[in-house]
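Here the structure is laid out as structure tokens; the discussion comes afterwards.
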Amino acid sequence: MKRILVTGGAGFIGSNFVRFLYRKKRNVHITVLDKLTYAGNISNIADFMDRKDFNFIRGDICNGSLLDRILPGIDIIYNFAAETHVDRSILKANSFVRTDVMGTYTLLQRALKHHTTRFVQISTDEVYGSVKRGSFREDDPLKPNSPYSASKSGADLLARAFYRTYRLPVVITRSSNNYGPYQHPEKFIPLFITNAVEGKPLPLYGDGKNVRDWIYVEDNCSAIELVGRKGNVGEVYNIGAGEERMNIEIASLIVDMVGADRSLITFISDRPGHDRRYSLDTRKIRRLGWRPSVTFEEGIAKTVRWYLKNSGWWKAVRGGSFKRYYRELYSERLARAIERKAKS
Ligand code: NAD
Ligand code: DAU
């Protein structure tokens, strides 16, 4: 029986990863360690709570003594826990530096102490920065542009250093933008779906021509599991499906799928330091035998259907503190954009 620790397992990718493991594997015991920040949601993992091979611990990856109690007997750690939203990191980055850098450091340190046999660090394509042409390879330099991606780069490099210095068996995944069920509605795709359903403006940054390379979350989960099992220690694996799209294309697709009006799409002032394009060279993970199984058109249709069916889930998430955050980030920019529209 493999004993697995999934940090951040009540978040978007972490909870999908736990679901993926239970579907694909027998003989695993999974512990989720999650602080349940605004982004963590216990209902994402409610299905597993009664299982004998599942254990949920509410706690912080920065808490070394808690890790000392959890880690003995754990074979493999998947470190998903992080502050993840670029816009929030631009408003205030303290918690990003704390969790993404210090939290990862604490976890690495305690993994070393307890002789954990595999440490999978979940990094991101954002550590490379923006690329005009071509695609990033694993050995390209890190040039992060936001406080979020800088914090994730710190974590990524610490993970590398723990392998080089202490031979902690680390592998690192850098995936492109995920989408699918249980993604917090602060992120682009679920924000646009849920706003479209509610007939609210869809706040598109800049000229809407920024490009992201989209991967359906289950495909990322299968790649992460494969890297955890077969990846070479000390190495980095890019994970992407090669589905590059401009934001404006996705916004239009969503509006049409939801049956809303295209006039809801509202161009607002840009995100500061907004990376223009992400693109990954994924030949290395493909050589391990991985392929994406969901095209963007299939994935986005499934995702829109999931949000239409699960309005109770996202309506609960969009209450309270989300409303305050939304006002702080968007109100003025939307008001200016709507005024501009009215004048033209
Ligand atoms: P998310 O924001 O949905 O979930 C993050 C989870 O971490 C939440 O459940 C939160 O409660 C938990 N958490 C935060 N701080 C914690 C702490 N100090 N201790 C314990 N738990 C804590 O994020 P996500 O989109 O699921 O991303 C998961 C991981 O994948 C992150 O490391 C992120 O950087 C990485 N990643 C995400 C994407 C993407 O497109 N979403 C792409 C590439 C990499
Ligand atoms: O690339 C991987 C990264 O993808 C992950 O590491 C991050 O955790 C994850 O949040 C995501 O970062 P992005 O900044 O690319 O994702 P986001 O959903 O915030 O934005 C996607 C694109 O949509 C980006 O070009 C900005 C744009 N956007 C986003 C929002 C929230 C808008 O135009 N309007 C919006 O309101």
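Every number for a ligand or one of its atoms is a count from 1 in the order of the listing. In what follows, every heavy atom counts, from backbone to side chain, and hydrogens, waters and symmetry copies are set aside.
- Looking at D87 against ligand 2, only its side chain comes within 4.0 Å, counting heavy atoms.
- When non-hydrogen atoms are compared, ligand 2 lies under 4.0 Å from the backbone of L204 as well as from its side chain.
- The closest protein non-hydrogen atom to atom 11 (C) of ligand 2 is N177 ND2, 3.4 Å.
- Not a single N or O atom of S175, backbone or side chain, sits closer than 3.5 Å to an N or O atom of ligand 2.
- Under the 3.5 Å distance criterion, the side-chain polar atoms of T99 are left unmatched by any main-chain donor or acceptor of F96.
- The nearest protein atom to atom 3 (C) of ligand 2, hydrogens excluded, is given as E126 OE2, 3.0 Å; this is a heavy-atom distance.
- Between D34 and R58, none of the side-chain N atoms (NZ, or NE/NH1/NH2) sits under 4.0 Å from a carboxylate O, so this pair counts as no salt bridge.
- By the 3.5 Å distance cut-off applied to N or O atoms, D125 is counted among the residues near ligand 2.
- Aromatic rings from W306 and W314 are positioned such that their centres are separated by 6.0 Å or more.
- The distance from ligand 2 to the heavy atoms of L191 drops below 4.0 Å at these ligand atoms: 36 (O).
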Legend entry - L36/I42 under side-chain contact (heavy atoms from CB on, under 4.5 Å): CA gap, chis, key distance, verdict: CA-CA 7 Å; L36 296 183; I42 198 76; 4.2 Å; yes

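- Judged purely by atom type and a 3.5 angstrom limit, T194 uses its side chain to pair as donor or acceptor with the backbone of L191.
- Of all protein heavy atoms, the one closest to atom 10 (O) of ligand 2 is K187 CE, 3.0 Å.
- Here's the thing with N247: one of its N/O atoms is less than 3.5 angstrom from an N/O atom of ligand 2.
- Residue, atom and distance of the protein heavy atom nearest to atom 32 (C) of ligand 2 are Y205 CD1, 3.4 Å.
- Aromatic ring pairs are classed by plane angle as parallel below 30°, tilted from 30° to 60° and perpendicular above 60°; the pair F17 and F20 is parallel.
- At least one N or O atom of Y330 sits closer than 3.5 Å to an N or O atom of ligand 2.
- The shortest contact between atom 25 (O) of ligand 2 and any protein heavy atom is with H274 NE2, 2.7 Å.
- With a heavy-atom cut-off of 4.0 Å, T124 touches ligand 2 through its side chain alone.
- Residues with a heavy atom under 4.0 Å from ligand 1: G8, A10, G11, F12, I13, D34, K35, L36, T37, A39, G40, G59, D60, I61, F80, A81, A82, T84, T99, I122, S123, T124, Y148, K152, S175, S176, N177, N178.
- In terms of polar-atom proximity, F188 is counted as a contact of ligand 2, with an N or O under 3.5 Å from an N or O of the ligand.
- A parallel orientation is assigned to the rings of F136 and Y128, their planes being inclined by less than 30° (bins at 30° and 60°).
- Considering only non-hydrogen protein atoms, atom 5 (C) of ligand 2 sits nearest to Y148 OH, 3.5 Å.
- Taking distance alone, with nitrogen or oxygen atoms compared against 3.5 Å, R271 approaches ligand 2 more closely than that limit.
- Between Y38 and H184, the distance separating the two ring centers is shorter than 6.0 angstrom.
- Aromatic pair F296/Y216: ring centres not closer than 6.0 Å.
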Inset, instruction - Mind running side-chain contact (heavy atoms from CB on, under 4.5 Å) on N310 and Y182 for me, showing each step along the way? - result: CA-CA 9 Å; N310 291 278; Y182 300 100; over 6 Å; no

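- Between P203 and ligand 2, at least one N/O pair is under 3.5 Å apart.
- Any N or O atom pair closer than 3.5 Å counts here, and N210 shares no such pair with ligand 2.
- Side chain of S149 to backbone of S146: a donor-acceptor contact under 3.5 angstrom is found.
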